[in-house]
There are 2 protein chains.
Amino acid sequence: MSDFSNIEACPVRNVLDRLSDKWTMLVILVLGESKEMRFNEIHKRIGDISEKMLTVSLRKLEADGLISREVYPVIPPKVEYKLTALGQELLPLIDTITQWADRHMQQILQNRQQYNA
Amino acid sequence: MSDFSNIEACPVRNVLDRLSDKWTMLVILVLGESKEMRFNEIHKRIGDISEKMLTVSLRKLEADGLISREVYPVIPPKVEYKLTALGQELLPLIDTITQWADRHMQQILQNRQQYNA
DNA sequence: TCTTTGACTTACCAAAAGTAAGTATAAAAG
DNA sequence: CTTTTATACTTACTTTTGGTAAGTCAAAGA
């Protein structure tokens with residue numbers, strides 16, 4: 001039983017804090033769909049993420065070594081993102097959650113409705 | 001390949017949006033540690049969550065049917081929270097991520113340092 | 001010369017989360 | 001018999017995070 005309250009030293013808190021923001025897990029999922037992806041592709045795929053937050057999310061993932069960023073020196077610019085080996089390890093874990101989501105969304109939506117009634 | 005951009009209809013987005021906030025996954029994890037838990041126990045276990053956000057997080061989880069909330073009519077008040085069957089299904093999936101975190105935190109911390117240098 | 005292209009930045013605004021104080025009520029302490 | 005303590009919250013206010021829309025850069029094409 002790890003010490004969640006020791007934020008610096010606790011690996012769970014350290015990693016979970018990074019995943020626990022509005023877009024990170026979804027970005028990882030999307031990047032898992034193809035070998036590599038350009039900025040605007042990811043942006044369109046998600047649809048409602050702002051360019052600003054996509055930039056921020058990608059930078060953090062890059063800093064943690066979960067994705068790599070390759071810049072081609074052309075104009076207009078071309079930048080490709082892809083999961084690193086480390087990022088690919090994390091992918092199936094998040095994907096398992098999405099499969100659970102698929103199985104149980106109906107139930108959850110129903111629960112929400114009941115709760116608000 | 002699901003349509004992530006259709007937020008209403010996409011189960012992945014629907015569930016991931018709920019998990020993608022600052023505390024939800026951690027609260028589930030903590031509740032998974034014992035059969036049931038009182039408000040202040042959860043609060044202490046996490047350490048740096050505010051009472052306000054713990055309340056909000058618990059209410060959302062309850063609305064989705066992932067946890068149950070039992071109020072004992074005593075004074076001072078006593079309220080017990082525990083994972084429902086649905087919540088217990090989700091627990092190991094999040095826990096798998098924490099195990100991954102344990103295994104790779106050193107590497108990730110190192111990556112972050114390199115990136116900021 | 002003017003528009004288009006792609007991956008961003010930036011300034012400003014809105015939403016989520018943090019902080020600290022307050023509420024309710026009865027039993028226990030003084 | 002007045003004050004303190006206990007627990008699970010609310011509430012008003014501040015700070016942090018995220019959203020919006022416009023701007024930047026440099027070359028290729030009309």
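Labels below follow one simple rule: chain letters A, B, ... track the order of the sequence lines, proteins then strands, and each chain is numbered from 1. Being a predicted model, the structure only gives us computed values, none of them experimental.
- At distances below 3.5 Å, at least one donor-acceptor pair connects side-chain atoms of Thr84(B) with backbone N or O atoms of Gly65(B).
- Between Glu33(B) and Arg45(B) there is a salt bridge, since a side-chain N of the basic residue sits under 4.0 Å from a carboxylate O of the acidic one.
- Under a 4.0 Å N-O distance rule, the pair Asp48(B)/Arg13(A) qualifies as a salt bridge.
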**OP:** Show your reasoning for whether side chain to side chain contact (heavy atoms under 4.5 Å, CB included) applies to Glu36(A) and Tyr81(A).
**Re:** CA-CA 6 Å; Glu36(A) 78 276 314; Tyr81(A) 294 92; over 6 Å; no
**OP:** Using the side-chain hydrogen bond (donor to acceptor under 3.5 Å, both in side chains) rule, take Asp17(B) and Ser20(B) through it: C-alpha gap first, then chi angles, then the decisive distance, then the call.
**Re:** CA-CA 5 Å; Asp17(B) 282 0; Ser20(B) 292; 5.5 Å; no
Original post:
Given the rule in the side chain to side chain contact (heavy atoms under 4.5 Å, CB included) test, do Asn111(A) and His104(A) qualify, once you have shown the distances and angles that lead to the verdict?
Top reply: CA-CA 11 Å; Asn111(A) 292 341; His104(A) 296 291; over 6 Å; no
**OP:** Classify every nucleotide of nucleotides 3-22 of chain C by which part a protein heavy atom approaches to under 4.0 Å, writing B for the base, S for the sugar-phosphate alone and - for neither, in 5'-to-3' order.
**Re:** --BBSBB-------BBB---
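- A donor and an acceptor atom, one from each side chain of Glu80(B) and Tyr72(B), are located under 3.5 Å apart.
- For the contact set between residues 6-17 of chain B and DNA chain D, defined by any heavy atom under 4.0 Å, there are no members.
- Looking at Asp64(B), its side chain never comes within 3.5 Å of a backbone N or O of Leu66(B) through a donor-acceptor pair.
- A heavy atom lying under 4.0 Å from DNA chain D marks none of the residues of residues 25-36 of chain A.
- When rounded to the nearest whole Å, the span between CG of Leu54(B) and C1' of dT7(D) equals 13 Å.
- With Ile28(B) as the fixed residue, the side chain to side chain contact (heavy atoms under 4.5 Å, CB included) test singles out one of Leu83(B), Leu93(B), Asp95(B): Leu83(B).
- Between the side chains of Arg112(B) and Asn14(A), at least one donor N or O lies within less than 3.5 Å of an accepting N or O.
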